[in-house]
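Following: one structure in structure tokens, then a few remarks.
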Protein chains: 2
Amino acid sequence: MAQHKDNAREAILTAFQNLLIESRGTSASLDEVARRAGVTKGGLLYHFGSRRALEDALVDHLEAVAAEDFERMRTAPGGALAYYLPLRDYIDSPLDRATVSVGFLAHDHERARTLLAMMRSRYQELIAADVGDPLLARVALLLGDGLYYETLTTGAVPGDEVDIIDFVNRLRAAPPDAG
Amino acid sequence: MAQHKDNAREAILTAFQNLLIESRGTSASLDEVARRAGVTKGGLLYHFGSRRALEDALVDHLEAVAAEDFERMRTAPGGALAYYLPLRDYIDSPLDRATVSVGFLAHDHERARTLLAMMRSRYQELIAADVGDPLLARVALLLGDGLYYETLTTGAVPGDEVDIIDFVNRLRAAPPDAG
DNA sequence: GTCTATATTCCGATAGAC
DNA sequence: GTCTATCGGAATATAGAC
């Protein structure tokens, strides 16, 4: 019975997130967000005193969701790499939606930028601790970045993600000569 | 003496590109672009009848610059992969600036999106034709994307780019088993 | 060709009724 | 708590002077 409160807040925040994703950062005006959440702009601005406050709340949300994900990744049975790379499980997850939507705020929201950067370095740390070989960890992270970048720019989930994961796993078993 | 004409057009287009990059897609209003180019909004709208026309011209510019780059890459003495990977030569090049600026238009400009997608697949084809193994070509493309995504988000050129290139070259010499 | 002035639309925010 | 009404600012675009 703890979350019966602030239903309007959550509806507004969800509508904001969805609109940011669907419109690729445009058309997420307070009017549109309010309409989507089933309130008016006045009602929205009662819960979030300004657009900035609404954006801050979404960044807070991402921060919390990411912290949970770090903990799951750190304690994943198959290891951090096997947890990190499967993009298919990630795409459209609550963490993904929070990350992408905050990404659209980043250009004029410094805390959003620093949070996204912090998340990247945290993932790299966790993968490096799992894989051992720092270069392979770096390659795995960059491949994940590449897949993610591709998804961001094309708007479509790549179809060969499994092949990439398999490729990294083979490298892990038999790394190329260092000479 | 062929390009003494349309100096104002070029100044406007350059100002538009620079403003898009500097402001990460925001603050590139017609007023600002005109001010930066040393004309007024009226003057700008004489050369480009609408904002859309201005955006179209920038997309056209990228299309031309990219076509030149494809040809250079296709005929590069060291091969397509060696031409593609050195990020240091690419960062801040005319092609880079055109690509990044058009990227900021992409969210509400379909031709910009399709052009960027076409460029990606064209690079992948050229690398694949050079490398032979399609999966390795894909990995090389994704690593390049990853490095680029990193510079976009952190604002700094990665320090281990040479290690990544070396890693890919070793993979090329001795690919991991396909089993 | 380039300018000024203005019309129009949209967004964020405030004031105040209920 | 949620609504309506409205202000102020910014952006695209048009009209017309020079």
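Proteins come first, then strands; the chains are lettered A, B, ... in the order of their sequence lines, and each starts at number 1.
A 6.0 Å sphere centred on CD of A/E71 holds more than 12 heavy atoms belonging to other residues, nucleotides or ligands.
For the atom pair A/E55 CD and A/S50 OG, the distance stands at 8.0 Å (nearest 0.5 Å). Here the CG-CG distance, from A/D96 to A/L62, works out to 10.5 Å after rounding to the nearest 0.5 Å. Between the OG1 atom of A/T151 and the CD atom of A/E161 there is a distance of 9.0 Å, given to the nearest 0.5 Å. Residue B/L116 holds its CG atom at 10.0 Å from CZ of B/R120, rounded to the nearest 0.5 Å.
Under 4.0 Å is where a charged nitrogen must lie from a carboxylate oxygen, and between B/R111 and B/D60 at least one such pair does.
Of the residues in residues 27-35 of chain A, those with a non-hydrogen atom less than 4.0 angstrom from any atom of DNA chain C are A/S29, A/L30. Residues from residues 36-47 of chain B with heavy atoms under 4.0 angstrom of DNA chain C, sorted by number: B/V39, B/T40, B/G42, B/G43, B/Y46, B/H47.
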Under 3.5 Å donor-acceptor pairs involving side-chain atoms of residues 100-108 of chain A, not counting sequence neighbours:
residue : atom : partner : partner atom : Å
A/S101  : OG   : A/R97   : O            : 2.8
A/S101  : OG   : A/A98   : O            : 3.0
A/H107  : NE2  : A/F104  : O            : 3.2

Inset, instruction - Apply the test side chain to side chain donor-acceptor pair (under 3.5 Å) to residues A/D69 and A/Y83: give CA-CA distance (whole Å), side-chain angles for both, the deciding distance (0.1 Å), then the verdict. - result: CA-CA 10 Å; A/D69 194 62; A/Y83 180 87; 2.5 Å; yes
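Note that the first and last nucleotides of DNA chain D, 5' to 3', having any atom under 4.0 angstrom from a heavy atom of chain A are D/dG1 to D/dT4.
Listed by first and then second residue, the ring-ring contact (aromatic ring centres under 6.0 Å, His included) pairs that reach into residues 47-70 of chain A are A/F70-A/Y123, sequence neighbours excluded. Within the structure, the salt bridge (Lys or Arg N to Asp or Glu O under 4.0 Å) test picks out the following pairs touching residues 40-49 of chain B (sequence neighbours left out): B/D31-B/K41.
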